[in-house]
Amino acid sequence: MRTVGVEEELLVVDAESGRPLSVAERVRRKATSPEELDKAGLSEDESSPGGTVEAELQRQQVETDTPPRTDLGDLEKDVCAWRGLAVSAARKAGARIIASGTSPVEATPDLVSDDRYEEMLERFGMTTSEHLSCGCHVHVSVESDEEGVGVLDRIRVWLPALLAVSSNSPYFQGKDTRYASFRSQLMARWPSAGPYDVFGSAEAYHRLVENMCGSGVLLDKAMAYFDARLSERYPTVEVRVADVCMDPRDAVLLAALSRGLVETGAREWSEGRPAPAVPTAMLRLATWQAGREGVRGNLLAPSTQRPRPAAEVLHALVDHVRPALEEAGDVALVEERVAELLERGSGADRQRAVLERTNRMSEVVADIARVTAGLAD
């Protein structure tokens, strides 16, 4: 069975005001101390992938990642445990951890002192200096680059649906963006981000990435910010389209659907079934629509690229990957959590409901912190 792992970017915010705090390095050091790891029953094993708390682009962010798992129950325990470790460490720094795609309150991004980040600032200017957003990246194992690219070609039409599932960034700098995922708009500012063409082969994929770097626009291969790509570090397809999910249960749903898509795409590739011939221009529209509407409005159906209710598109996604879900034993979990998601809404819907109820953005942040830490219904 294919392994799956989850990377989550998280914001470190002031416990009172909810404003992002530049104490991420202090949180990271505390979280990765032997005492904290032992208390949480965790360990950082440099010989194997995952299981870390790392720095990110801005000083107000940390990133956690899980070890690769085959069982989704184990994955959910890992997601909660590594979040819990970051939450505990942040508390000792007078801060909170929130899983939100953007900061709901005003924030001044504070770039980490790093040669590569400084080069990014010089090259991309305000796109770098203003970029304070948090995504969720799901890694699913593949047997080879050829299989991985075959998967990338066949899952691209479904990635907007994953963005809708994860949508969790309706507010930015204290303002209502009118989007369910404004993070997706911030990502679109990077020159390599978003939907991609059908590659056709691993050779074509690597040639394109080399040419993108050779253009002088990108600094390196790590800046190929496609919505899904071959990982540079692991033998995986890395699904990058999603916001970080507020609720860890949604992160596991995202992982289950991603693994189902990768397994389904790999089977289609091995059988010689062609990739859907949907123009990238239409996928850009589908991604925009998913970021705008989340799970409460219409999405573009992958088969027709015409608007259909989000529930219909998500049910079609589940049906598309059902054989893979059945083989992995994931059908019941996915069906249950899709139903829950459609009933209660995504993280974006919860953020809006809290603001409508309290009229205080600080209460939105406080609620996100409780859900992130597993302390809310």
Quick one, D330 with R259, criterion salt bridge (charged side-chain N to carboxylate O under 4.0 Å, His left out). Give me CA distance, side-chain angles, the key distance, then yes/no. CA-CA 10 Å; D330 295 342; R259 180 165 66 177; 2.9 Å; yes
[X] atom [atom1], over 12 foreign heavy atoms within 6.0 Å:
X	atom1	value
E143	CD	no
N359	CG	no
E16	CD	no
E271	CD	yes
K92	NZ	yes

Give a yes or no on whether a salt bridge exists between [X] and [Y], defined as a side-chain N under 4.0 angstrom from a carboxylate O.
X	Y	answer
E203	R207	yes
E343	R296	no
R189	E130	yes
R59	E25	no
D250	R344	yes
R240	E9	no
R267	E263	yes
R69	D78	yes
R233	E7	yes
R352	D176	yes
R116	D220	yes

Quick one: does [X]'s side chain have a donor or acceptor within less than 3.5 Å of a partner on [Y]'s backbone?
X	Y	result
E76	P248	no
Q61	Q58	yes
Y179	W288	no
S169	R183	yes
E293	A180	no
T66	G5	no
R83	I97	no
S22	D110	no
D367	V364	no
T64	W82	no

Heavy-atom closest contact ([X] atom, [Y] atom, distance):
X	Y	answer
R28	A55	CD-N, 3.7 Å
A255	V6	CB-CG2, 4.0 Å
A301	R308	CB-CG, 3.9 Å
S184	L163	CB-CD2, 3.9 Å
P20	L132	CG-CD2, 4.1 Å
S100	L11	O-CD1, 4.1 Å

Please walk me through it: do E232 and K221 pass salt bridge (charged side-chain N to carboxylate O under 4.0 Å, His left out)? CA-CA 8 Å; E232 285 291 308; K221 294 178 182 179; 5.0 Å; no
Within the structure provided, determine whether [X] and [Y] are in side-chain contact (heavy-atom separation under 4.5 Å).
X	Y	value
T236	V140	no
L261	L162	yes
L254	V138	yes
N298	P309	yes
P191	L218	yes
E363	L355	no
V262	V142	yes
Y171	V365	no

Give, for atom [atom1] of [X] and atom [atom2] of [Y], the distance between the pair rounded to the nearest 0.5 Å.
X	Y	atom1	atom2	value
R292	T287	CZ	OG1	15.5 Å
E147	S270	CD	OG	7.5 Å
Q60	I98	CD	CD1	11.0 Å
Q289	L300	CD	CG	5.0 Å
E336	L341	CD	CG	12.5 Å

Determine the interplanar angle of the W190 and F124 rings, folded into 0 to 90°, and report it as parallel if under 30°, tilted if 30 to 60°, perpendicular if over 60°. perpendicular
Any donor-acceptor pair under 3.5 Å linking the side-chain atoms of [Y] with those of [X]?
X	Y	result
D243	S167	no
R156	T280	yes
H139	D65	no

